[in-house]
Protein chains: 2
Amino acid sequence: MERTPEHEHLHEQDDRRDRQREASTIEKTLALVGDRWTILLLRAAFRGIRRFDDFCADLGIARPILTARLRKLVDAGLMTKEQYQQHPPRYEYRLTPSAIALSPAIVALVRWGDEHLSTEQPATILVHAPCGTKLQQAFWCATCATTFGPTAIRGIPSGPN
Amino acid sequence: MERTPEHEHLHEQDDRRDRQREASTIEKTLALVGDRWTILLLRAAFRGIRRFDDFCADLGIARPILTARLRKLVDAGLMTKEQYQQHPPRYEYRLTPSAIALSPAIVALVRWGDEHLSTEQPATILVHAPCGTKLQQAFWCATCATTFGPTAIRGIPSGPN
DNA sequence: AGCAGAGAGTTCTGATTCAGTACTCATCGA
DNA sequence: TCGATGAGTACTGAATCAGAACTCTCTGCT
């Protein structure tokens, strides 16, 4: 399931290496987050939900799956499991900064869904709180002081090699 | 992305109906896009891949699954299947504007993965092609002409209700 | 005419993972 | 002691995954 860097039996072009590397990190991302529940779970956590049964009720997720998802997120360092009570041991799950850093991605998905998938029901729209303007999400270049679209993005390898 | 300690939710307003409605559209989004392959497929398409066998080779995806994913994306209006040659009928798959609108979400996921999941391998960083500056992703308010982080986002219901 | 080959799939297999109901286990409060 | 609460497990069938092999229609070559 996890694709190790060694596991490149099907690449024939060598300019694929860059892609391969990038793919493997995004593959890891998707292996973590790319299923029907994990994003929903994180979203619930962003709304302040912390306990097992609350997640269960809020999302309508089956318990064994919730157990598995929470464990996976804790293992990945996106949530922590903390005991908030000794005597009957009770735990709560909290987001780590790493998970909070995912919020732009989650917001982008929510926005896209609202704009492209909502049917008869009016979607919630996200606005800039200070002025109430409908949210735009763009890429911002501090050097050029402009926003730009996806066509102006290029990937370059970072680091010493 | 700046984070303020007290802000652990994107927006609260615990109107249950609001949440419920929003959840259902994000659920649809995730049902479409929330699996191990779809995002990877879209990413490949963003890189210019258009043909069945090329997707197959590039992603290492099994053919039946690719068939299913492409069909799902075409049905959802994210891709079009166009015949580019008559005589042996050959098709290619192209992204629609609706899919291109997903790019902020995909970029956000890639970036997050590169920052939080990459191990020893240096991650590819995304840059603004014209000037080479490292990509910032922000929310942009056209009215205020500023960018802002997730803390300044509020959700409001659109339409009646 | 005959045959290899490309492109775009479809049909079969098993192996995994998903999802749901029902159950456990410990503890508290009445 | 009885029941409720919180946090899980066990066990089940359904769906999805991965891979190999197969089909079908043309094209290009000989």
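Computed over heavy atoms, backbone and side chain alike; hydrogens, waters and symmetry mates excluded. Chain A is the first sequence line, chain B the second, and so forth, proteins listed ahead of strands; every chain is numbered from 1.
At C:dA8, one or more side-chain N or O atoms of B:Y84 fall inside 4.0 Å of OP1 or OP2 (strictly under the cut-off).
Salt-bridge annotation for B:R36 and A:D35: absent, with no side-chain N of the basic residue lying under 4.0 Å from a carboxylate O of the acidic one. Under a 4.0 Å N-O distance rule, the pair A:R94/A:E92 qualifies as a salt bridge.
Nucleotide D:dT5 holds its C1' atom 16 Å from the CD atom of A:E92, rounded to whole Å. A straight line from CZ of A:R50 to P of D:dA7 spans 13 Å, rounded to a whole angstrom. For the pair B:L66 CG and C:dA8 P, the computed distance is 10 Å after rounding to whole Å. Rounded to whole Å, atom P of D:dA7 lies 6 Å from atom CG of A:D53. Look at CG on A:L70: it is 11 Å from C1' on D:dG8, rounded to the nearest Å. Across the protein-nucleic acid pair, B:Y91 atom OH and D:dC26 atom P stand 10 Å apart, rounded to whole Å. Atom pair A:Q83:CD and D:dG6:P shows a separation of 16 Å (rounding to whole Å applied). Distance A:Y93 OH to D:dA7 P: 8 Å, rounded to the nearest Å.
With the end axes of the helix from C:dA1-D:dT30 to C:dA30-D:dT1 each set by five pairs, the angle from one to the other reads 0° at 10° resolution.
Contacts of A:F55 with the nucleic acid, taken as non-hydrogen atoms under 4.0 Å apart, are absent.
For the 3.5 Å distance criterion, the side chains of A:R51 and A:Y84 qualify, holding a donor opposite an acceptor. Neither side chain, B:H128 nor B:T133, offers a donor N or O lying under 3.5 Å from an acceptor on the other.
In this structure, the side chain to side chain contact (heavy atoms under 4.5 Å, CB included) partners of A:T67, at least two apart in sequence or on a different chain, are A:F52, A:R71.
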Using a 4.0 Å heavy-atom cut-off, write out nucleotides 19-30 of chain C from 5' to 3' as B (base contacted by protein), S (sugar-phosphate only) or - (no contact). BBB-----SS--
